[in-house]
2 protein chains.
Amino acid sequence: MDARRRDEIPLADSLAERLARGDVFSEACPSREVLRNVTSRWGVLILVALRGGTHRFSDLRRKVNGISEKMLAQTLQTLEQDGFVLRVAHPVIPPHVEYSLTPVGQEVSRRVEDLADWIERSLPQILQARETAQTRAV
Amino acid sequence: MDARRRDEIPLADSLAERLARGDVFSEACPSREVLRNVTSRWGVLILVALRGGTHRFSDLRRKVNGISEKMLAQTLQTLEQDGFVLRVAHPVIPPHVEYSLTPVGQEVSRRVEDLADWIERSLPQILQARETAQTRAV
DNA sequence: CAGGATCCTAAACGATACTG
DNA sequence: CAGTATCGTTTAGGATCCTG
């Protein structure tokens, strides 16, 4: 069958097609939102930090240098809602809450860590490229 | 020589050590800034888009759905300064400018794409986890 | 066509104070 | 301890107009 005539679909990617594919390039696609959560300023660091195992709130706060209480709580909540982070609260006083990665969370965080590690390792190279760019600009 | 006595460095990670390692957890470390540029809202999408090969400004604008001219120009500039993107301007009227990935740029973008791809593929699973979380909340 | 300049809004973020 | 609530600041981002 040849239902797809040349002049019927002028654009290569219809919106519907991109949504079905989960296309991050599509503005309306939910994958773009998830990608934003994962790659958010603090999301990245929290995901990597949790690879070290279960952490308490204050542990994370210490580990992720410079994060405020507010942002830590907020980012943990969105990561939990996306199913990447598991939150376990022990009903004791004073409160004791433990955060860890879910199986899916381990999968994303692995990729995030790959990226972060690469940047850390390549930092000298990158900084040098920057200076070269500066020189050219002058 | 034993210049490093027990009570001299009480913290496991001194700032100097973390900077030397290029530690993203360290607030002052440049790697954190590079990571931010790469994982910025539009940075991610542009890096992935450029994997398809050389693009002109307007091509990118079309491909990265929803980006404004301002943010496209701005993000391309920081990516260029980090040495990930190469900008080639042909001195003609009307202007013709081509953007592509540098060798280093290809390396980061590969990892960024890995992440984006994983999210696209796992989207159904993720969305389902979200709904489950919603149900628990109710 | 590829932006730069300007103005403005909305969102992110931080600091602080407070609570079970 | 693990947050929430509130407020003020800063930054990201968009819209529009302009130019070589």
Side-chain angles (χ1 to χ4, degrees), chain A residues 24-25 27-28 32-47 49-50 54-82 85-100 133 136-137, chain B residues 24-25 27-28 32-47 49-50 54-82 85-100 133 136-137:
Chain A
V24 287
F25 288 129
E27 227 180 330
R32 192 128 142 190
E33 192 192 334
V34 175
L35 187 61
R36 260 194 103 176
N37 295 343
V38 168
T39 62
S40 72
R41 177 171 182 191
W42 302 114
V44 178
L45 299 177
I46 292 175
L47 285 173
L50 284 177
T54 299
H55 284 68
R56 297 183 61 169
F57 189 86
S58 37
D59 292 340
L60 283 172
R61 186 138 160 57
R62 263 184 298 277
K63 193 158 184 177
V64 181
N65 215 274
I67 193 170
S68 68
E69 285 187 9
K70 178 185 168 184
M71 289 314 295
L72 180 54
Q74 186 174 304
T75 310
L76 280 170
Q77 279 172 20
T78 73
L79 290 178
E80 192 194 356
Q81 276 168 29
D82 285 348
V85 163
L86 179 69
R87 177 183 184 273
V88 178
H90 302 281
V92 292
I93 295 179
H96 185 113
V97 182
E98 296 190 327
Y99 293 94
S100 57
R136 265 200 305 272
Chain B
V24 287
F25 288 130
E27 225 180 331
R32 191 129 140 190
E33 191 191 335
V34 175
L35 187 62
R36 259 194 102 176
N37 294 343
V38 168
T39 62
S40 72
R41 177 170 183 189
W42 302 116
V44 178
L45 298 177
I46 292 175
L47 284 173
L50 283 178
T54 298
H55 285 68
R56 298 183 61 170
F57 189 86
S58 38
D59 290 340
L60 283 172
R61 186 138 158 58
R62 262 184 298 276
K63 192 159 184 175
V64 181
N65 216 275
I67 193 171
S68 68
E69 286 187 9
K70 179 187 169 184
M71 290 314 295
L72 181 53
Q74 187 174 304
T75 309
L76 280 170
Q77 279 172 19
T78 75
L79 291 177
E80 191 194 356
Q81 277 168 29
D82 285 346
V85 163
L86 179 69
R87 177 182 184 275
V88 178
H90 302 280
V92 293
I93 295 180
H96 185 112
V97 181
E98 295 190 328
Y99 292 94
S100 58
R136 265 199 306 269

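Below, chain A is the first sequence line, B the second, and so on; all start at residue 1.
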Could you walk me through whether A:Ile67 and A:Ile46 pass the side chain to side chain contact (heavy atoms under 4.5 Å, CB included) check? CA-CA 10 Å; A:Ile67 193 170; A:Ile46 292 175; 4.2 Å; yes

Partner of A:Leu47 under side-chain contact (heavy atoms from CB on, under 4.5 Å), picked from A:Leu79, A:Thr39, A:Asn37, is A:Leu79

Could you state the atom-to-atom distance from [atom1] of [X] to [atom2] of [N] in whole Å?
X       : N      : atom1 : atom2 : answer
B:Met71 : C:dG3  : CE    : P     : 15 Å
A:Asn65 : C:dG14 : CG    : P     : 12 Å
B:Arg61 : C:dG4  : CZ    : P     : 14 Å
B:Leu60 : C:dA2  : CG    : C1'   : 12 Å
A:Leu72 : C:dA15 : CG    : P     : 14 Å
B:Trp42 : D:dG13 : CH2   : C1'   : 9 Å
A:Arg36 : C:dA11 : CZ    : P     : 10 Å
B:Ile67 : D:dA15 : CD1   : P     : 12 Å

Is any side-chain heavy atom of [X] closer than 4.5 Å to a side-chain heavy atom of [Y]?
X       : Y       : value
B:Asn65 : A:Arg32 : yes
B:Leu45 : A:Phe25 : yes
A:Arg36 : A:Glu33 : no

Could you run down nucleotides 1-8 of chain D 5' to 3' and tag each one B, S or - for protein heavy-atom contact under 4.0 Å? BSBB--B-

B:Glu98: side-chain hydrogen bond (donor to acceptor under 3.5 Å, both in side chains) partners, not counting sequence neighbours: B:His96

